[in-house]
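So the structure is just underneath, and the comments pick up after that.
Values in this document were obtained by computation on a predicted structure and should not be read as measured data.
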Number of protein chains: 4
Amino acid sequence: MSERHRSGPVRSDAARRAILEAAAQLFDEKGYDHLTIEGIAQRAGTGKQTVYRWWASKGDVIAEALLEGLILPETLAPPDTGDLEADLAAWLQTLSDVLQQPRGQALMRSIIAAAAENAEVGKRLRAALGADFVFTRRLQDAVDENPDAAPASGAELSEALLGLIIVRALSREPLDPTTAARLVRVLSAPHS
Amino acid sequence: MSERHRSGPVRSDAARRAILEAAAQLFDEKGYDHLTIEGIAQRAGTGKQTVYRWWASKGDVIAEALLEGLILPETLAPPDTGDLEADLAAWLQTLSDVLQQPRGQALMRSIIAAAAENAEVGKRLRAALGADFVFTRRLQDAVDENPDAAPASGAELSEALLGLIIVRALSREPLDPTTAARLVRVLSAPHS
Amino acid sequence: MSERHRSGPVRSDAARRAILEAAAQLFDEKGYDHLTIEGIAQRAGTGKQTVYRWWASKGDVIAEALLEGLILPETLAPPDTGDLEADLAAWLQTLSDVLQQPRGQALMRSIIAAAAENAEVGKRLRAALGADFVFTRRLQDAVDENPDAAPASGAELSEALLGLIIVRALSREPLDPTTAARLVRVLSAPHS
Amino acid sequence: MSERHRSGPVRSDAARRAILEAAAQLFDEKGYDHLTIEGIAQRAGTGKQTVYRWWASKGDVIAEALLEGLILPETLAPPDTGDLEADLAAWLQTLSDVLQQPRGQALMRSIIAAAAENAEVGKRLRAALGADFVFTRRLQDAVDENPDAAPASGAELSEALLGLIIVRALSREPLDPTTAARLVRVLSAPHS
DNA sequence: AGATAAACGAGACGGTACGTCCGGTCTTGAT
DNA sequence: ATCAAGACCGGACGTACCGTCTCGTTTATCT
């Protein structure tokens, strides 16, 4: 009962990968705003039409490159040692380090610009920055243990953390590790 | 001892206002990404050069229109009744309402895109969304009253709140009023 | 001793006819310049490769469609009643009628464009417009009867007539029947 | 009572000339069909928009270059020694020489293609090939001297001559000088 | 009361990128 | 081997804006 597909040539995976990799490179080099489809196609060694055939916009290309892990370094993935507060602190420290460098800030703003323009990127933003998968669940666990004391859910808390980072990136201010640490304490600690 | 200029007409305030208003209108109609200097000049009935003479980029025009209050509705300004938690909740409610509508989400994302691209807009983002001026100071007051219990500063707390809103706007998810309310409680309540 | 081919199906005559007919239709609808191989294949319901396999260019397709009589109406074929001058006049009258209509002019110009671009079409142009087959021979007969009086050959005379038509088509001026008639008289009459 | 013109910059004559000259060069190098607006702009060192601003199509550019005498060599201009038949013969000889060379044929076919595609070029075709200005008037003089013997007008006769040349160019056959000479005799000689 | 010169509207200019169309080649699975 | 289908690389199309640069006109200030 398998779905039969039409005859004719099949999508070239080489072209697909070349385009995603070119897009990731150029994203890194020039930032989202200065990306062009033309530039991507040229760098990838493909025709423009091959990009337009499979993606509707540069945002969609970036969204897919993001999913493939071609854009953000692994470093940004949150650690998981079992110690929630420590992991949170380490993750925020990493992000803080990234935001100390102009290049890291630019990268962050580029992602934000992409997310603002393209729904697909937007929906993947939290996942891309690692705010799901770990803290959401783990903060939730902490919340569950002490439901009375923590009226906000884990997802909301991790969103607030991520939000802090984004606000700092947008306002061009570095993220002080101490600040991050304190906020983690507020958010993850039991409340009276 | 101010520097005097030689002669000739002085900057036309009519042109300046026409440009800022045209920019605000077009920002509202098309969003930041689809704004063009050419379109602004045309709508304003001025020459392109008059825009370029006084602003370096469309971002700068928008930044100034933002400062003049031509872009965001007054509604978004935070209330100040004296009851901190109530005011916070009301403000978040307003923002939540705005984010429920597609148009409001688009507006928010447009501001974010502008902030991501233009440093001036970025620096004014918090002010533009009303996160300063009130809560920062007032949360700080609350913090000062009970320094041991609240390890995060007022500014950080209001950033986290604004961040939550931004994350929701970017991920295209509405901001549930309940969520906002709970988060306010977490952030503004004394901690153990 | 004929050369046998290895295996597989033989050229599909259905595809060949479909392509020629599609080409003729599109030639009529859009003119030579706006023909595309892609359009022909689509209209014919064949693959592009099937066109490229058998013809080197769109000009060659048109040349073949011309030979098959799919492009020009039969009307343009010259009459043969035995009365040379009358036949010539009638033929020129027909062409003149065609050139009075914008559509007829466009058709004529399309053929000319095809001839200018493609050698095969060019070589068949005179045949396609019916200038051979009849007048050449018959003018030649007239010439032969009176060699002293007619220093130009029949072929040359018919070329001059066809040339007049072409010049009129290119210069977008109608061909006055009187003009044609007079020229026929000059060219076909005995000279002193 | 002079016509007042709008304010603002005026059309750049340098750009105009550069475009026409580039077009003429490329016409000569590649022929009309393989001309591109992009190529013209590049060769001229102008933006594409500057071409599109002033001309509607590549045909219009070529038409203007033709008028400026940038495309056809002066050689093709008809001589005027006073001896009509000799001048005609010399002019046809020149054209015949041009058509003997492949390059000359290609040039001629290119003009024809341009005329077939573009009305402006078409209307200027006769003028461009020198068939007006001289022979029309002079053949007409000859006709006027002997109205009974010459039922075709000078314009028509020169069209027929030009037509012969065009037919030969399209059918890729050289124009034999003898043929031309004989036809001149037929057309210009008095008729019985 | 000029003369000077900056600001203005208009928009031409050399460019870059857009998103689309088509050319000619190549690949796939079916006949 | 040929066919229908259509993906591929390439390149030109005609359009929209970019940021810079004249133009000719309109003021405000300086002499």
Side-chain angles (χ1 to χ4, degrees), chain A residues 4-12 14-16 34-42 44-54 56-58, chain B residues 4-12 14-16 34-42 44-54 56-58, chain C residues 5-12 14-15 18 34-42 44-54 56-58, chain D residues 4-12 14-16 18 34-42 44-54 56-58:
Chain A
R4 306 287 276 113
H5 65 80
R6 57 160 195 75
S7 146
V10 105
R11 178 173 187 179
S12 155
R16 178 178 166 276
H34 298 99
L35 269 183
T36 66
I37 297 271
E38 207 145 281
I40 292 171
Q42 185 156 5
T46 73
K48 280 165 69 172
Q49 195 62 251
T50 301
V51 181
Y52 282 110
R53 187 159 21 240
W54 301 109
S57 64
K58 70 174 181 178
Chain B
R4 308 288 276 114
H5 64 80
R6 304 307 187 89
S7 75
V10 108
R11 177 174 187 178
S12 156
R16 178 178 167 277
H34 299 100
L35 269 182
T36 67
I37 297 273
E38 212 147 272
I40 291 170
Q42 185 154 12
T46 74
K48 283 163 68 172
Q49 194 57 250
T50 302
V51 182
Y52 282 109
R53 191 164 10 243
W54 303 109
S57 64
K58 72 173 179 178
Chain C
H5 64 79
R6 304 307 186 86
S7 74
V10 109
R11 176 172 188 180
S12 154
H34 299 100
L35 271 182
T36 66
I37 295 274
E38 212 148 271
I40 292 170
Q42 184 153 12
T46 74
K48 282 164 70 174
Q49 194 56 251
T50 302
V51 181
Y52 282 110
R53 190 161 14 243
W54 303 109
S57 65
K58 71 174 180 178
Chain D
R4 305 290 274 112
H5 65 80
R6 56 158 197 77
S7 148
V10 107
R11 177 172 188 180
S12 156
R16 178 178 166 277
H34 298 98
L35 270 182
T36 66
I37 297 271
E38 208 144 282
I40 292 170
Q42 185 155 6
T46 74
K48 279 164 71 173
Q49 197 61 46
T50 300
V51 181
Y52 283 110
R53 184 154 28 235
W54 303 109
S57 64
K58 70 174 181 177

Identify each atom pair where a protein N or O and an N or O of nucleotides 2-4 of chain E are less than 3.5 Å apart, giving names and distance.
from, atom 1, to, atom 2, distance (Å)
E:dT4, O2, B:Ser7, OG, 3.4

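- Under 4.0 angstrom from either OP1 or OP2 of E:dC8 there lies at least one side-chain N or O belonging to B:Trp54.
- Residues passing the side chain to side chain contact (heavy atoms under 4.5 Å, CB included) test with B:Ile37 are B:Val51, B:Tyr52, B:Lys58, sequence neighbours excluded.
- Within the 4.0 Å cut-off from OP1 or OP2 of F:dC8, at least one side-chain nitrogen or oxygen of A:Arg53 is found.
- Between the C1' atom of E:dC18 and the CD1 atom of A:Ile40 lies a distance of 13 Å, rounded to the nearest Å.
- Here the C1' atom of nucleotide E:dC22 and the CD atom of C:Gln42 are 12 Å apart, to the nearest Å.
- Between its opening and closing five pairs, the helix from E:dA1-F:dT31 to E:dT31-F:dA1 changes axis direction by 10°, a value rounded to 10 degrees.
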Using a cut-off of under 3.5 Å, enumerate the N/O to N/O pairs linking the protein to nucleotides 17-20 of chain F.
from, atom 1, to, atom 2, distance (Å)
F:dC18, OP1, B:Ile37, N, 3.0
F:dC18, OP2, B:Ile37, N, 3.3
F:dC18, OP2, B:Glu38, N, 2.9
F:dG19, OP2, B:Tyr52, OH, 2.7
F:dG19, N7, B:Lys48, NZ, 3.1
F:dG19, O6, B:Lys48, NZ, 2.7

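- By the side chain to side chain donor-acceptor pair (under 3.5 Å) test, D:Glu38 is found to be paired with D:Lys48, residues two or more places apart in sequence or in another chain being considered.
- The side chain to side chain contact (heavy atoms under 4.5 Å, CB included) check on B:Ala44 picks up B:Ala18, B:Ile19, B:Ala22, B:Thr46, with sequence neighbours excluded.
- Nearest nucleotide to the side chain of D:Pro9, out of F:dG6, E:dA5, E:dA12: E:dA12.
- Residue B:Thr50 has no polar side-chain atom (N or O) positioned under 4.0 Å from OP1 or OP2 of E:dA7.
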